[in-house]
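Input: a single structure, listed below in structure tokens.
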Amino acid sequence: MSAHPPAARDRTRRPPAPTTHPPAPAVHRPAPAPAPGGRLRAWAELLRAPAAFTVPGDVLAGAAATGRRPTRNTALAVGASLCLYEAGMALNDWADREEDAVARPHRPLPSGRLRPGAALAAAGTLSAAGLALAACAGPRTLAVAAPLTVTVWAYDLGLKHTPAGPAAMAATRFLDLLLGAAATTGTPRAALTPATVLAGHTLAVTLVSRREAEGGSRAAPLAALAGAGALTATLAGRRPTGALLGRPHTPWTPTDAVRTVLAASYAAAFARPLAHAVLNPSPHLTQQAVTAGIRATITVQGALTARAGAPVTGALTTALAPLAARLARKVSTT
């Protein structure tokens, strides 16, 4: 018989009480819902929403070059131009998705916020919509919109990284301005000169942009600076019309004043950052020059429109620039 009483024996047989509490079962919490407007913001980034403000002025400058007032067909051409521009933005990111996964992983496609298939579908849908709007404006408008569409797709899918890339980009702006003339009067012939001027500005900006990631090149900003000077002189000069031939001392008009102010605004907006990039061709300053050049496109359009005899439309077009800058601060487009 044991010397321990029953109670003592029972206590000796019990396992020692645990000193810690067992771990609580894992709780599976649902993943946080995306922030309101997150998908809309991703589309705004993909389509470069602030840069869309640089588009309507192409068509309006083309319409002004004809000497006619904008018509319903001009408005259709603006819609077509916007659709084709945004198609190019979506297609650009789809074509560059692998490169962006390494260099720009925050963009909508490599970050997973949008699917590549959705971007490609958007590019196709917007291209079809742009061609449809151009067709509604007339067969001659469609005759300009068709090669514009081909150029946009060719640039994004193959020409962008070739020596022909800058010329192809300039050609898109050239054709886009002709689109406005074709929609307004049925013929783009009167808009060939302003289209060439706009294409020259676009060529300069694109050449600088090819070295914006690594910097180190003074040649492109220096050439663009020289081009900007020549372009400023062209924008500030009077349009050579029959009324002015043989009358070099005609008095200034409000149209001349608006044209001169817009030409000076263009020089101030683009020449200064270009000069900084020439003195110090760092990636940051080169990128600033490119951004300034893109926004200065609006000023070029406004000055061309005023030079063609539509100063009010030119001034209103230029007013889109601060709106683009304000939206750019809200939407990341890098």
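- L91 and V150 are not part of a single hydrophobic cluster, where members link through side-chain heavy atoms under 4.5 Å apart.
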Full working for side chain to side chain contact (heavy atoms under 4.5 Å, CB included) between L148 and L84: CA-CA 8 Å; L148 173 57; L84 295 177; 3.8 Å; yes

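- Note that the CZ atom of R97 and the CG atom of L120 stand 8.0 Å from one another [nearest 0.5 Å].
- Members clustered with V278: L222, by chain and number, using a 4.5 Å side-chain heavy-atom cutoff among hydrophobic residues.
- Screening residues 281-330 for ring-ring contact (aromatic ring centres under 6.0 Å, His included), with sequence neighbours left out, gives no hits.
- Two residues are said to be in side-chain contact when any heavy atoms from C-beta on lie closer than 4.5 Å; S111 and H106 fail this criterion.
- For residues 166-198, no pair satisfies ring-ring contact (aromatic ring centres under 6.0 Å, His included), with sequence neighbours left out.
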Please assess Y85 against T172 for the test side chain to side chain contact (heavy atoms under 4.5 Å, CB included), listing each intermediate value before the final yes or no. CA-CA 9 Å; Y85 182 86; T172 61; over 6 Å; no

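- Residue pairs meeting the salt bridge (Lys or Arg N to Asp or Glu O under 4.0 Å) criterion with at least one member in residues 59-87: none, sequence neighbours excluded.
- Under the 4.0 Å criterion applied to side-chain N and carboxylate O atoms, D256 and R259 are assigned as salt-bridge partners.
- Residues passing the side-chain contact (heavy atoms from CB on, under 4.5 Å) test with L114 are R39, A42, W43, L46, P108, L109, sequence neighbours excluded.
- The hydrophobic clustering, which links ILVMFWY residues whose side-chain heavy atoms are closer than 4.5 Å, places L133 and M89 apart.
- Judged as a side-chain hydrogen bond (donor to acceptor under 3.5 Å, both in side chains), not a single pair has a partner in residues 310-325 (not counting sequence neighbours).
- Sorted by first and then second residue, the ring-ring contact (aromatic ring centres under 6.0 Å, His included) pairs with a member in residues 187-210 read H201-Y266, H201-F270; sequence neighbours excluded.
- Within the 3.5 Å criterion, the main-chain N or O of V78 finds no donor-acceptor partner in the side chain of S81.
- Hydrophobic clustering (ILVMFWY, side-chain heavy atoms < 4.5 Å, transitive): L235 and L274 are in one cluster.
- Considering only heavy atoms from C-beta on, L76 stays 4.5 Å or farther from T141 through its side chain.
- The salt bridge (Lys or Arg N to Asp or Glu O under 4.0 Å) contacts involving residues 277-301 comprise nothing, where partners must be two or more places apart or lie in separate chains.
- Of the inter-residue distances, the one linking L177 atom CG with L304 atom CG reads 7.0 Å to the nearest 0.5 angstrom.
- Looking at heavy atoms from C-beta onward, P166 lies in side-chain contact with R210 at the 4.5 angstrom threshold.
- Summarising the geometry, atom CG belonging to L131 is positioned 11.0 Å from atom CG belonging to L126; distances are rounded to the nearest 0.5 Å.
- Note on R48 versus D93: salt bridge recorded, some NZ/NE/NH1/NH2 to OD/OE distance being below 4.0 Å.
- Contacts classified as salt bridge (Lys or Arg N to Asp or Glu O under 4.0 Å) and involving residues 154-176 (residues at least two apart or in different chains) are given here: D58-R173, D96-K160.
- Residue pairs satisfying the salt bridge (Lys or Arg N to Asp or Glu O under 4.0 Å) criterion with at least one member in residues 113-125, sequence neighbours excluded, are listed as follows: E45-R113.
- Counting only residues at least two apart or in different chains, side-chain hydrogen bond (donor to acceptor under 3.5 Å, both in side chains) contacts with residues 120-134 comprise S127-W153.
- Taking 4.5 Å as the limit, every side-chain heavy atom of L225 sits out of range of all side-chain heavy atoms of P221.
- Listed by chain and residue number, V205, V208, S209, E212, I294 satisfy the side-chain contact (heavy atoms from CB on, under 4.5 Å) test with V290 (two or more places apart in sequence, or in another chain).
- T184 and T74 are linked by a side-chain donor-acceptor pair at a separation below 3.5 angstrom, with hydrogens and angles left out of the test.
- One distance of note links CD1 of I298 with CZ of F53; it measures 8.0 Å at 0.5 Å rounding.
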